[in-house]
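To find a chain, count down the sequence lines: A is the first, B the second, and so on, and within it residues start at 1. When reading the values below, keep in mind they use all heavy atoms of this one structure, side chains included, and skip hydrogens, waters and symmetry mates.
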Amino acid sequence: MMNRWRVLKRLLPLLAGMVLLLSACGRADLSVLRPQGPVAEEQFKLMKLAIIIMVIVVVVVFAIAFYVIVRFRRRPGDKTIPKQVEGNHKLEIMWTVIPIILLIILGVPTIQSVFGLAKDYSKDPNAIQVKVTGHQYWWQFDYTKLGIHTAQELVIPNDAVISVETETADVLHSFWIPSLAGKTDANPGGSVNRMYFKAPNTGVYLGKCAELCGPSHALMDFKVKVVDRASFDRWVAAMKTPTPMPSDPAVADVLTQQCLTCHAIDGTQGGAFPNLAGIGGKQAVAGILLNTDSPKYQNEGTVEDNLKRWIRDPQAVKPGAKMPKVDLTEQQIDGLAKYLASLKLNY
Amino acid sequence: MDWLTTVDHKKIGILYLISGGFFFLVGGLEAIMIRIQLWQPENHFVSADTYNELLTMHGTTMIFLAAMPMIFALMNAIVPLQIGARDVAFPFVNAIGFWTFFAGGVLLNVSWFTGGAPDAGWTSYVPLATDAFNGGNVHGVDYYVVGLQIAGIGTLVGGINFLATIINMRAPGMSFMRLPLFTWTAFITSALILFAFPALTVGLVALMFDRLFHANFFEVSNGGNAVLWEHIFWIFGHPEVYILILPAFGVISEVVSTFSRKRLFGYSSMVFATVLIGFLAFMVWAHHMFTTGLGPVANSLFSIATMLIAVPTGIKIFNWLFTLWGGSIRFTTANLFAVGFIPTFVMGGVTGVMLASAPADYQYHDTYFVVAHFHYVIVGGLILGLFSGLHYWWPKMFGRMLNETLGKLTFWFFFLGFHLTFFVQHFLGLMGMPRRVWTYLDGLGFDDLNMISTVGAFLMGLGTIFFLINIVTSAAKPRDAADDPWEDGRTLEWTIPSPAPEYNFAQTPLVRGYDAYWKEKMEGKNAMTPAEPLGPIHMPSPSILPLILSIGLFIGGLGFMYHHTIVGIIGLLITFGCLFTRSLIDDHGFHIEPDELHDKGVKA
Ligand code: HEM
Ligand SMILES: [Cu+2]
C-alpha cells in the first residue's frame, strides 16, 4: 500500500506537468486546450479529468508490459516449460472492478455536463438570439430579435449568453468555435439544433466547419468578434443604418446589376447570399483571406487586394464556391474593391 | 486455372490475402498521397476534388477491401484447421463470397477511370452523397453504393459460412469451451457480420434508390430524413469496427500464448469478454452522433454504454499481460507485432473512453483527434494484429518460413512510423484542426506536426516494402517448413503438414482438452489420437460458376449505374443463370482414397 502511494506521488507532478504542457498548446483564439469561455472551459475540465484517468491507466499497463517483456525473455537454449496457469479469479475480478470505478468517476460529471450544456436559452430575453445557417462554403448569421443579418463574422457582446440555432441551406455542416464551445451539427429539414455559449473576453476567435460538406469544406472558416456591450450596441445601430451607394455612377451601376442581384448591402436584409454590410471592416474576405496591411502568408493581403482576388475568380480561392466568376473589367473590379473596402462600420 | 475454380478454403484464403493485400497497397498509396498533400500548409499537390476522392477511397478501401478480406484470409486459412474440420460448411458459397467481394472491389476502383471516384467520405453522409450534390462527378457515389453492395454480399455469405462451420464441423471433443481463441473471435465476428451487414445493405439500397430513381428516403424537402442515414450507417458502422478488431484480438491471444509457452490466462473470461464486446458493439452506434442533436438523454445513455466497452477490453489486455507473466517469451517477428499491439491498442482504447464523454466529444468530434483515435485502434490494433497473424501462420499457409531479419525490419519501421504519424495527430485535433480537410491555412500552428506526421507515413510505407521483399524472397525458397515450425504450437493446425494438404486431416483428430495439441505433447505423444479409421475422404468439386456469377453482378451493377437497363438485366441474368445451373447439376464431388493420401498430401 505504502508503495503504491509513493508511486502516485511521483506521478502527480508528471501529470500536472502534462496538463500545463497541454494548456500551452496552440493559439489561444483557436485551441481547444486554451478555453476562453465557460462552455469550452467545462468541456476542457472533462477532458482533463479523462486525460488524468487515462494516463494513469496507460502508465500502469506500460509498466506491467515493460516489466514482463524484460523479466521473462527466453534465454537461448531454454527448454523449460513455465507453469501453465489457468487464470486467477481474484485478479480477474480486480481488473473488472477497478475500470468500473474509474468509469463512474468519469461518467457522473459527463452526465451532469450533458444536461447542463443542453440548457435552452432560446426564450431568454437577455440572451442574444442568433440563427446560424451553413452554406457551401460560408456562414450566415441572422440576429432574429434584432433584425440584422451578416455573414462570415459573428459579432457578439461579452456580457450575454449567446443562444444559437443551427440550420443548413444545403448539406450537413457543423458549427464549431474551438476555444469557445464544441460543435453542433446543422441538419437539413425539421430538426433544428440549439446550443449556447458565453465569451467573457473581448477579441477575435476562429471558427470552423467540422463536417465534410464538399470540396471547400476545409476553407469554410468564420470569425467570432467579441466586443463590449457599448460597442455591440453601436454595431447594431450601424448595421441598421442604410449603406451608402458608390459615388461613382459607373461603379454603382455594376454593383446594382452584377452584385446586388444576389447580395444585399444593408444589414437589415436577409437572403440566400452573404450580406455585404460593413465588409470592409471585417477580419477576412470569404472567411479565409485575412485582411492585413503587412501580409505574411499566401492567404493574407490588404482588404482591397483580397476583395479583388475574390471577385476576379471565386473558385480559385474556394474550389466549388457557388459565387460565379462575374464578367468584369479590371477597372470595374478596382472600383468595386475600393468601394467595398470603404464599407466600414463605426463601433 | 485451378485458382479460378477452387473451392478449397485454404486456397480461397490465399486469394483473399492476395487481393486484400493488393487493395491494402492501393489504400496505402492513397494515404501517402493524402499525407503529401498535407505536409505543408496551402499545398497544391492535388486539387480539392481529388483530395476528397482520395480521402473517401482511402477509408472505403482500407475498411472494406483491405482489412475485411485480410481477416477473411486468416479465417479461411486457419479456422477449419483449428477446429479439426476438412473444409468449411459450404465450400461453393465460400468461393462465391470471395469472388463477389473481388468484383465489388474492382468495380469501386473502376471509378477512378470513369470520371471520378466517390467523394462524400467513407460514411457517405447525405445530402452530400445524394445526386443533388454531385458537382462534375456524376457517378462517383454510385460506384460506392453499387460496389459496396456487391462486396457486401461476399462478406455476408462468408460470415454465415463461418457460423455454420464453427457450429457444425468441430472435431469430436472440440466443445465450445475448448475452441482456440482465434476461432472464438472468428465466430463472434461472423455473428456481428450477420446482424450488421443487412443494415448496411438496407441503407445502400435506399441510397441507391434515391440516386438512381429519385426516391426520397433522405430527401428532406419530400419528407425524407437526412439523420436517418446516419443512424442506419452507424448501426452497421459501429459493429463493423468490432468486426475488424475482434479477429485481431484472437490472433494476439494465440501468438502471445504460443511464444510465451504458456496457456492463455483467464480463457473463460476472454471468451466472456469477446461475447460482451460483440453485444455492446450494437448498443453504442450513436456515439458517432453526439453532435447531431439527439438530446441529452440519448447522449448520456450512449456515453455510458460506450464507456462500458472499456471493461471487457481491459479484461483482455490484462489477461494478455498475465499470459506473458511468468512465461518464457521468445521474440519472433510475429510476437514482436503482438507485444507491440498491446500498449498501442491500449492507447487507442483510452482515447476511445475520452471520446465517449459526450460534452468533451463536442470538441473532439470530426477533428484529427478522432483520426488519431481510430487509427490507433484500426492500424495499431487490427493491422499490427494482421501482421502478427501473417508472420505466425505464414509457414502453415505456404510451407515456407519468412525471413526473421526482414520481419524485424518490417516491424520496427512500421511500428515507429505508425506512432510518429498518429501520435501527433491527437494534438493537431485539440489545437483546432478539423478532419477531412484538403488543406489548412498557414500561421495556425499546424505546420510542424503535419510535417512530422507525413514523415511517419513514409516510414510505414518503408516497413510495408520490407514485408513485400520478404514475401518475394521467401517464395524463391523450398517449401521446407516443419509441421510445428515454432515448436511451441498448441492448437490443431500445428499437427498437420505445412502447408496443409487439400483434405487437412487424413483422419479427424480426437480432442481431449483445451489446447488440444499441447495436451498431447505434454503427455509425451507427438500426434493427435485419430477419432476415425483411415478411409476415403469426400471432397467438393471445383467450379467456375462463382467467378462467372460475380462477373454477372459486376456487369449488372455497371449497367444500372449508367441507366443501360438492358445491360443491367443481362448481368443479373448471368448471375441467376449460374445459381440456377448450380441447383440443376447434381454434383456429388469426389473421393480421395486412402492409398492416394500420401502423394496428394505433398502438394495441395
Ligand atoms: C475501447 C473501445 C472503443 C471506444 C470506447 C470507442 C469510442 C469511439 C467514439 C466515441 C467515437 C466517436 C468519435 C467522434 O466521431 O467524435 C469513435 C470513432 C471511431 N472509432 Fe472507436 N471506439 C473504440 C474502439 C474502436 C475500435 C476497436 C475501432 C476499429 C477497429 C474503432 C474505430 C473507430 C472509427 C473508424 C471511428 C471514426 C468514425 C468516423 O467519424 O468516421 N473504435 N470511437
Ligand atoms: Cu461545411
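- Rounded to the nearest 0.5 angstrom, Leu321(B) CG and Ile64(A) CD1 are separated by 6.0 Å.
- Contact annotation for Phe259(B): only backbone heavy atoms (N, CA, C, O) come within less than 4.5 Å of a heavy atom of chain A.
- The shortest side-chain heavy-atom distance between Asp221(A) and Leu441(B) falls under the 4.5 Å cut-off.
- Note on ring orientation: taking the six-membered ring where Trp is involved, the planes of Trp95(A) and Phe318(B) are parallel (angle under 30°, cut-offs 30° and 60°).
- For chain A, the nearby part of Ala226(B) is the side chain; its heavy atoms alone come within less than 4.5 Å.
- Interface residue Met522(B): only side-chain heavy atoms are found under 4.5 Å from chain A.
- If you measure heavy-atom distances from Val57(A) to chain B, the contacts under 4.5 Å come from the side chain alone.
- The shortest non-hydrogen separation linking Gln363(B) to Lys183(A) is O-NZ, 2.7 Å.
- Among the candidates Ser113(A), Ser179(A), Pro99(A), Gly320(A), the residue making the largest number of heavy-atom pairs closer than 4.5 Å to chain B is Ser113(A).
- Contact record, Pro82(A) with Ser260(B): CG-O, 3.7 Å, taken as the closest heavy-atom pair.
- Interface remark: of the candidates Met347(B), Arg330(B), Met433(B), Glu42(B), Glu42(B) forms the most heavy-atom pairs closer than 4.5 Å to chain A.
- Heavy-atom pairs under 4.5 Å with chain B were tallied for Tyr67(A), Trp176(A), Phe62(A), Phe66(A); the largest tally goes to Trp176(A).
- With sequence neighbours excluded, the residues forming a side-chain contact (heavy atoms from CB on, under 4.5 Å) with Glu165(A) are Lys131(A), Glu167(A), Val192(A), Arg194(A), listed by chain and number.
- Atom CE in Met47(A) sits 6.0 Å away from atom CE in Met354(B) (nearest 0.5 Å).
- Proximity to chain A (any heavy atom under 4.5 Å) is restricted, for Ala120(B), to the backbone atoms N, CA, C and O.
- Comparing Ala132(B), Ala273(B), Gly443(B), Gly136(B) by how many heavy-atom pairs each has under 4.5 Å with chain A, the most go to Gly443(B).
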Query - Verdict with reasoning, Leu219(A) to Thr439(B), per side chain to side chain contact (heavy atoms under 4.5 Å, CB included) - result: CA-CA 8 Å; Leu219(A) 305 175; Thr439(B) 186; 4.1 Å; yes
Report task. Take Leu206(A) and Leu444(B) through the side chain to side chain contact (heavy atoms under 4.5 Å, CB included) test and state the conclusion after the steps. Result -> CA-CA 10 Å; Leu206(A) 273 52; Leu444(B) 296 180; 3.6 Å; yes
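- Partners of Phe233(B) by ring-ring contact (aromatic ring centres under 6.0 Å, His included), not counting sequence neighbours, listed by chain and number: Trp122(B), Trp229(B), Phe236(B).
- Side-chain contact between Phe331(B) and Ile69(A): present, with at least one pair of heavy atoms (C-beta onward) separated by less than 4.5 Å.
- Closest approach of Thr110(A) to Ser303(B), counting heavy atoms only: CG2-OG, 3.9 Å.
- For Leu128(B), the parts lying near chain A are the backbone and the side chain together; criterion is any non-hydrogen pair under 4.5 Å.
- Heavy atoms closer than 4.5 Å to chain A are found in the side chain of Trp518(B), but not in its backbone.
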Query raised in the report: What's the verdict on side chain to side chain contact (heavy atoms under 4.5 Å, CB included) for Trp325(B) and Val85(A), showing C-alpha distance, side-chain angles and the deciding distance?
Result: CA-CA 10 Å; Trp325(B) 190 291; Val85(A) 250; over 6 Å; no
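- Atom CG of Asp78(A) is separated from atom CZ of Arg261(B) by 6.0 Å, given to the nearest 0.5 angstrom.
- The most heavy-atom pairs under 4.5 Å with chain B, out of Ala181(A), Ser216(A), Cys209(A), Gly116(A), come from Ala181(A).
- Contact check for Pro319(A) versus Trp438(B): side-chain heavy atoms found under the 4.5 Å cut-off.
- Contacts with chain B were tallied for Glu92(A), Lys83(A), Lys208(A); Glu92(A) has the most, counting heavy-atom pairs under 4.5 Å.
- Contacts between Leu30(A) and chain B at a heavy-atom distance below 4.5 Å involve backbone atoms as well as side-chain atoms.
- For the atom pair CG (Asn335(B)) and CZ (Arg74(A)), the distance works out to 9.0 Å, reported to the nearest 0.5 Å.
- Among Gly445(B), Gly429(B), Gly266(B), the residue with the largest count of heavy-atom pairs under 4.5 Å with chain A is Gly266(B).
- Contact count versus chain A (heavy atoms, under 4.5 Å) is highest, among Pro312(B), Ser357(B), Pro359(B), Ala360(B), for Pro359(B).
- Asp448(B) CG: 12 or fewer foreign heavy atoms inside a 6.0 Å radius.
- Both the backbone and the side chain of Ala218(A) come within less than 4.5 Å of a heavy atom in chain B.
- Per-residue heavy-atom pair counts under 4.5 Å with chain B were compared for Gln136(A), Glu42(A), Lys296(A), Met195(A), and the maximum is reached by Gln136(A).
- With a 4.5 Å cut-off on non-hydrogen atoms, Asp119(B) touches chain A through its backbone but not through its side chain.
- Taking every heavy atom of both residues into account, Thr96(A) and Val311(B) meet most closely at CG2-CG1, 3.8 Å.
- Closest approach of Val126(B) and Leu172(A) over heavy atoms only: O-CD1, 3.6 Å.
- Atom CD of Gln84(A) and atom NZ of Lys519(B) lie 11.5 Å apart (nearest 0.5 Å).
- Contact count versus chain B (heavy atoms, under 4.5 Å) is highest, among Pro109(A), Pro178(A), Ser174(A), Ala186(A), for Pro178(A).
- Chosen from Ser268(B), Ser221(B), Gly135(B), Ser300(B), the residue pairing most often with chain A at heavy-atom distances under 4.5 Å is Ser300(B).
- Contact of Leu91(A) with chain B is made through the side chain alone, with heavy-atom distances under 4.5 Å.
- Residue contact with chain A, scored on non-hydrogen atoms closer than 4.5 Å, involves the side chain of Ile317(B) exclusively.
- Neither the backbone nor the side chain of Leu290(A) comes within contact range of chain B, judged by heavy atoms closer than 4.5 Å.
- Counting heavy-atom pairs under 4.5 Å between each of Leu428(B), Ile329(B), Val437(B), Val339(B) and chain A puts Ile329(B) at the top.
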Query raised in the report: Where do Val171(A) and Tyr125(B) land on the side chain to side chain contact (heavy atoms under 4.5 Å, CB included) test, with the steps shown first?
Result: CA-CA 9 Å; Val171(A) 300; Tyr125(B) 273 14; over 6 Å; no
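- Taking CG of Asn299(B) as the start and CD1 of Ile111(A) as the end, the distance is 11.0 Å to the nearest 0.5 Å.
- Contacts between Asp29(A) and chain B at a heavy-atom distance below 4.5 Å are absent for every atom of the residue.
- Checking each of Thr166(A), Asp185(A), Thr184(A), Asn193(A) against Thr291(B) for a side-chain hydrogen bond (donor to acceptor under 3.5 Å, both in side chains) leaves exactly one that passes, namely Asp185(A).
- Looking at every heavy atom in both residues, Gly121(B) comes nearest to Leu212(A) through N-CD2, 3.7 Å.
- Proximity to chain A involves both the backbone and the side chain of Asp442(B), based on heavy atoms less than 4.5 angstrom apart.
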